[in-house]
Structures are given as C-alpha cells and as structure tokens.
Visitor: 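Take a look at the following structure, please.
Worth knowing before you read on, the calculation uses all heavy atoms, side chains too, and leaves out hydrogens, waters and symmetry mates.
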Amino acid sequence: MPSELAITVLASEAELFRSLVTQLEVSGLRGATSSTRFDPLQPLPSLYLLAGLDRADFIDEIRGHEACEHACIVVACDPTEDASGFLALGADDILWLDSGHQATHLRMLQAAKQASSRREFGELQRFHRGLMDMRALIAERGDGAEVLREILIMAADALGFERASMMAHVEASDVAYVLATTDDPTLSEFELAIRDYPEVRAAIHSGAPLLIGDVREHPATARVADDLVSHGVAAIAVFPVAWKGRSMGALLFRKSTSGVAYICAHGQDFGALLAAQLAAQLRDSSLFDRLRDQGRRLTRAGFEAERRAEGIDSLSDYFEASSDGIFVADKEGVLLYANGTAERLTGKVRDALLGTPITDHLPQDDGENIAAVMGLVLDGSNIEPHDMQLRTEEECRTVRVTTSTVLGRLGAVILSFRDVSEQRSLEAQLHRSSEFLSNLVDSAVDAIIAVDIRGLVVVFNKGAERLFGYRASEVVGQLNVTELYPEGVASQVMRMLRSEGYGGPGRLEQICREVLVNGGDIVPVNMTASIIFQHGEEVATVGIFSDLRDRIRIEQRLLVVQEQLKNQEQRSLLAGLAGAAAHELNQPLTSIIGYAQLIERTADLQEKHLRYTKTIVDEAERMAEIVKKIGRITHYETVAYVGSSSIVDLDRSVEASESAPIPALLLTDDSDSTAQITLEQIAESHEEEMRERDPERVRHSDKDSKGR
C-alpha cells in the first residue's frame, strides 16, 4: 500500500533524483520531494535520503543545524561501496540501490519510525527537564530579574534560539517593559514603545503563539524587517503571557538564522507552558503591580479619549467638505465620528452611527477583515484601497475604502469610502460580455486568428488549434502570422486586404488559400479577413479559416460515384435498348419464319424454290437466336472492329450478364412456342384466304398434306 511517509531526496545529480524517486514509488513510498541542497526553512521530513558525491557534506550540514539533532538520515549506496564511513559521520541507515521493492519499503519505514520515536522522546525529555529545572529555580530563588534571565537562557536553548526576552505589557498601553533579557545581564526593567514590536502586538492581540521563519516575508514584521535584519534577527517566536484572559506581556525569542518549521507541537506546548508558568508567578508580583500602575498612569483612557476628540475636531471641516463618506473609529472598532456623506450613504443619522461597532455596518466577512485593517493602520501602515460591502437601510452597497494614519498616534483610524456600486456593476457586465465573446470565439468551428500590427498572434481559438495543430499558449505572443502560411502567402493576403478588388480596402471576401500547419503540411482553406481600425489607424487583423480537406475528399468521392452512376445508366440504357430491339425484331422474324414454313407446307415438293425456303427458315432461326442473346445483355463487352471502332461482343456480353436479372422486355424461354402459335394463326388465316380465292386447290393441298 502507498505510504504517506515524507521523504526529502538530496542528490547532486538529476539522474540520481529520478532513479531514487522511481525506486521509492515502485516500493509504495509516494510523494518524495527532491532538492540539490539542504533547506532549513522547510519542515523537517520523516527522513532525508542522500545520494551522489556530496553525501558526506549533506550529513555534516544537516547534523550541524540545531533543529536536526534527531533528524533521520539514510544514505543510498552502491553494493560495492564501503558504507561504514557514512554511519560514522552520523547517518542512521544505509539503502542499497539494488534493494528489492519490499526491502526498500520496510527499510525506509523502520528508519523513519526509529528516528521519529527517538526525536519525540528526546524532545519530550528535553522540554520536560527544562520545565522542571525552571520551576525548581523559581521555587528556590524567586522571580527576580537574574532568575528570569537564567530561565530565558534555558528556554532559548531548548527551542533552538540565540536570544530571549521577557516583556511586560499592560492592556491599552503604548509602552512595554523588558523585565529580563539574555543579551546583557545588566539590562532589566527598561521601557520601550510597543508599536516598534508589531510581532509582539500581533501575538498579544491573538492570544496565540506566533512563529516567524523569515522576518522579511511575514506580514507582521514586513514594516520593520530591514531594521530586524540589520540587528541580526532572521527568525522570531513570540509566546503571549496572560492570566485569566488578561494580557501580562510576552516571551520573545530571536535568532540570526531563518527557519522555525522544526519547532514541533511539543516545542510550542513547551513555550506555552513556560508562558503560563511565568504568568502564574507574576500575577501577584510587586514588580508587575508597579509596572501596571505606572502604565495606567501613562495611558489613562480619559486622556486618550480627549486627545482623540481634539484631533477629530481639528479635521472636522475637512471631513465635512469631503465627497467621500468618512468614519473615524477607535482601536476597538467603535465609531467616534461620521460625516454627512456617510449619513447619506448608510441612510442613518449621525446619532444612530456614533458609539456603534463598525462591524454593525458591514457584512460578516468584511467585519472580520476590518479588525486586521485597523490593526495595520494603528501600527502606522496605510493599506491599499480595496472594495468592501457597506450595509444601508435597504441593501448592501459596494464602497471603495481608503485609510489614513493621521490619527493613528491617538489610537484612532480614519476610513474613507466612496460608493462604486454602479461602477462595479458595469465592470461585471463588461467582464461577462468579454467572457461571452471569448467563449463565442473559442466555440466557433472555424479557426479564428487575430494578429497585431507587427503580425504577432494575439487571438488563437480552439478551431485554430484543431486546424494548425498548435496549442494557443504556443502561438499567442510567440509566433508571427507569416509562420502559419507558405512562403509569400501572408504578404499576398495583406495586399489583397488593402486593395479594391476583393471586397474593398480592409475587407477580404472568401478566397481559397493554403496554410502551413504544425509538422510542415500544407492544408487548403477558405478564408475571409478584415482589418481592425482604431482612430483611423490599423491596429489588428482578423482572419477566419475553414478547413477544406474534408470537403475535397467528399467532392472526390462524389466524382467517383457520379462516374459509377454514369456507367450504370449506360448499362441500363444498353439493356433497355437490347430488350426493346429484341422485342421489336422478334415480331417480324416470327412472321418470316411462319410464312416460310407456310410456303413449305403449301408448295409442291418438287418445286425448286423449296430449298430456298429452308435456307430462309434456318437463317431466320439463327437471327432469332441472336435476338435472344441481345435480349439477355445487361453488361456488355466490346471487340475491335474495322479501324479504331469497336462493336459489342455478344458471346462475352451474355456471359457477363448471366447473373444479372433479365429485363421484362427481353425474349422469354417460351419464345419458340409463341412463334409456333403465331405460325398456326398465320396458316389458318392464309388457308381461309386461299379458300376464298381457289377452293379446289385448297382441297388438293389438304390431300397432299394428309398423304405426307
């Protein structure tokens, strides 16, 4: 089964990366990450798998980092290598490159499990021993500055930091006091401005530990990052000190190297327990009482309110003249002032606004964000203008909010907001229209391509992808339109676009051209094009292309079918003509044969013309046989005749037509009997005529025929 084991592969060669990752995946260990260097900022993995020429250097680097004392290190080795040296340097295990899948899986799991257990046990043991030592130290020597400093030294060492401070801070005070610090044994109980420590303010405000792996990247320290770096501070950890929900200060840890990802849950619990222990120790401390009284004297709430009121009054004329709505709120988010425009926008009178939390006038989501915004402004940072929703008597309206730090030193925030509901609605409509047009272009069957004035492709829809065989990302902003045509065709199209003869200047009516698709093939297309003008100048060109390959194939198949139909019609016509000819010739032939036989029967046997009569009958019967063959023809074959002409070969044509049905007009197999019936009818008719002319001769003729 696949394992969720977090493995980081460190190797100096890419081929080793792929080989090891493949070996791990085949063995069921998926999700391994690869790197060419050790990064202490990344969370500690389940194990490091080392390969390549730099394995010894990697071991030294990992073991040299304070957070990786118990990190699991496995070295990948060739079976021919001597791996004992890596174990001596600090590796936990060896993975042979020819290990089987099951062996690899079990080896990795076992190494990671042992290291995890070792690390967890070591951390628990270290943190537990540290807390016990600190508790014993406080019990023995009290809570003086020197004792606090020794506790801070022990805590910094346990958490992997270089410096630590214990800061006391009274609620609503602008001043914090350093009770003890590891930097200098002589420094204690000195005052500092809490606004210069935004990370401490953030932790106290949230009531939760704050871990900052890189002061340059964390939002809480972004404003003071340069100053921190100049003082050798790269990473910070802050643990708030509070008693029964009331802030008493914070533990501040700092170090010169980046990274706090190694601080596991046990480390965070250790810091929180230490902060709680110090809070319990300080809650009745005369030192803290003295500092708290001093802070109260310096930060009297009434004095602050008076100063804020004076500051607001000095700006009230400016506020009332503003076309924007203006709120002024204290650090708790309670509205202290609202101008006339704010009254009109909210639909509420000023008395109904003042004294209410600003969150009452915002939706829930924006209400949660406003606290962070106000915190940044109070810290002296103006935020970028942004949109928020403002509740009015009837609806929520979209407003554009800006801030000002003018009253920040007095503990107040100025929020200016302008109604942009209609503007945002119009922007949304434009966005939907733009999205609709974009979808329309993409859903078109034909290829649509737009290029700028330099010929660079700026629009390449799905139809163009199907026709040309490129993805849009490969073409847009990458290819010039000339690369999509055979040589010289692009210039020819532009000349036609600007001429009068193909639809007028700037317009090209449908023409047939060839384009060059991915792979070098040339494809015929129908295309139309137009030039886009802006302020009378050309800014772009749009072309629409229809692939003609399927149409050409269909036309070719139609030509073949038409030729076959033509041949079929000729054969049908021939069969019809043959049947008609056979039908028409059969009647006179029957009469000829009948009359010839009649002559034979009525003439004297000694008459000389009887032999000619027999020849007539034989030749007429041969002709009847030929007519029969003609009547059977449905497919014909020809044979060369005089000169370059040809005639129908009856015998071969009859053989070719054997399997075809015989048309109704052709002679049937009982044509002989039909001829016989016709002959008797003709004989009877002839005898009647003879009786009328010469009855006596007829009697003799009957006697002769009876004698015969």
Side-chain angles (χ1 to χ4, degrees), residues 14 18 427-564:
R18 291 190 290 271
E427 289 174 354
Q429 291 177 11
L430 290 174
H431 176 74
R432 288 194 296 270
S433 297
S434 175
E435 189 174 18
F436 172 78
L437 291 175
S438 177
N439 292 336
L440 184 63
V441 169
D442 261 346
S443 62
V445 176
D446 291 336
I448 299 177
I449 300 175
V451 299
D452 61 18
I453 195 64
R454 297 170 299 170
L456 202 62
V457 176
V458 294
V459 174
F460 198 81
N461 75 337
K462 298 294 184 184
E465 290 183 345
R466 291 190 295 270
L467 174 60
F468 289 90
Y470 296 102
R471 292 192 300 271
S473 58
E474 297 173 333
V475 178
V476 174
Q478 306 293 326
L479 290 185
N480 193 284
V481 70
T482 56
E483 300 179 53
L484 302 178
Y485 290 100
E487 186 176 356
V489 175
S491 300
Q492 182 188 37
V493 170
M494 288 306 299
R495 285 195 301 271
M496 297 170 70
L497 260 172
R498 295 190 176 97
S499 69
E500 294 281 350
Y502 299 92
R507 178 178 173 82
L508 179 62
E509 294 181 346
Q510 183 169 293
I511 60 171
C512 183
R513 285 293 180 273
E514 293 179 334
V515 294
L516 192 63
V517 301
N518 190 7
D521 292 335
I522 294 176
V523 174
V525 295
N526 274 339
M527 68 169 292
T528 60
S530 61
I531 298 175
I532 299 175
F533 295 89
Q534 189 173 14
H535 305 302
E537 294 185 1
E538 297 181 10
V539 294
T541 305
V542 178
I544 302 176
F545 305 82
S546 299
D547 193 344
L548 293 180
R549 286 176 291 188
D550 289 338
R551 179 176 173 181
I552 290 174
R553 284 193 289 268
I554 291 172
E555 289 177 350
Q556 290 174 345
R557 288 198 293 268
L558 283 175
L559 288 175
V560 172
V561 171
Q562 287 174 352
E563 185 65 28
Q564 292 174 346

Visitor: Do Glu509 and Tyr502 come close enough that some side-chain heavy atom pair is under 4.5 Å?
Guide: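 Of all side-chain heavy-atom pairs linking Tyr502 with Glu509, none is under 4.5 Å.
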Visitor: Can you classify the ring geometry of Phe460 versus Tyr470 as parallel (below 30°), tilted (30 to 60°) or perpendicular (above 60°)?
Guide: perpendicular
Visitor: Of the non-hydrogen atoms in Met496 and Ile511, which two are nearest, and what is the gap between them?
Guide: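 Heavy atoms of Met496 and Ile511 come nearest at CE-CD1, 3.6 Å.
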Visitor: Does Glu474 use its side chain to pair, donor to acceptor, with the backbone of Arg471 at less than 3.5 Å?
Guide: yes
Visitor: So which heavy atom on Asn518 is nearest to which on Gly469, and how close?
Guide: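 That would be ND2-O, 3.2 Å.
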Visitor: Applying side chain to side chain contact (heavy atoms under 4.5 Å, CB included), run through Val459 and Val441 and close with a yes or a no.
Guide: CA-CA 9 Å; Val459 174; Val441 169; 4.2 Å; yes
Visitor: Mind checking whether Gln478 and Val475 have side chains closer than 4.5 Å, heavy atoms only?
Guide: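 Side chain of Gln478 against side chain of Val475, heavy atoms only: no contact under 4.5 Å found.
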Visitor: Got Arg551 and Asn526 here, is their nearest side-chain heavy-atom distance under 4.5 Å?
Guide: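 With C-beta onward as the side chain, the pair touches.
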Visitor: So, Asp452 side chain and Gly455 main chain: donor-acceptor pair closer than 3.5 Å or not?
Guide: yes
Visitor: Please give me the minimum heavy-atom distance between Leu467 and Val525, naming the atom from each residue.
Guide: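 Here Leu467 and Val525 meet closest at CD2-CG1, 4.2 Å.
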Visitor: Between Ala464 and Ile449, which heavy-atom pair has the shortest distance, and what is it?
Guide: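 Heavy atoms of Ala464 and Ile449 come nearest at CB-CG1, 4.0 Å.
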Visitor: Considering only heavy atoms from C-beta outward, does the side chain of Asn480 approach that of Val457 to under 4.5 Å?
Guide: no
Visitor: With sequence neighbours excluded, what pairs up with Glu538 under the side-chain contact (heavy atoms from CB on, under 4.5 Å) test?
Guide: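 Testing Glu538 for side-chain contact (heavy atoms from CB on, under 4.5 Å), a comparison that skips the adjacent residues, returns Ile453, Arg498, Ile531, Phe533.
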Visitor: Using atom types as modelled and distance alone, determine if a side-chain donor or acceptor of Asn461 lies under 3.5 Å from a backbone N or O of Ile448.
Guide: yes
Visitor: Within a strict 4.5 Å, meaning less than it, do heavy atoms of the Val493 and Met527 side chains meet?
Guide: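 Answer yes - side chains close enough.
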Visitor: Between Val515 and Tyr485, is any pair of side-chain heavy atoms under 4.5 Å apart?
Guide: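 Yes; the side chains approach each other to less than 4.5 Å.
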Visitor: Under 3.5 Å, is there a donor-acceptor pair between the side chain of Glu465 and the main chain of Ala472?
Guide: yes
Visitor: Does atom CD of Glu487 have more than 12 heavy-atom neighbours from other groups under 6.0 Å away?
Guide: no
Visitor: Rounded to the nearest 0.5 Å, how far does CZ of Arg513 lie from CG of Leu508?
Guide: 8.0 Å
Visitor: Keeping Asp547 on the side-chain end and Arg466 on the backbone end, is there a donor-acceptor pair under 3.5 Å?
Guide: no
Visitor: For Met494 and Thr541: C-alpha separation, side-chain torsions, deciding distance, then whether side chain to side chain contact (heavy atoms under 4.5 Å, CB included) applies.
Guide: CA-CA 9 Å; Met494 288 306 299; Thr541 305; 4.3 Å; yes
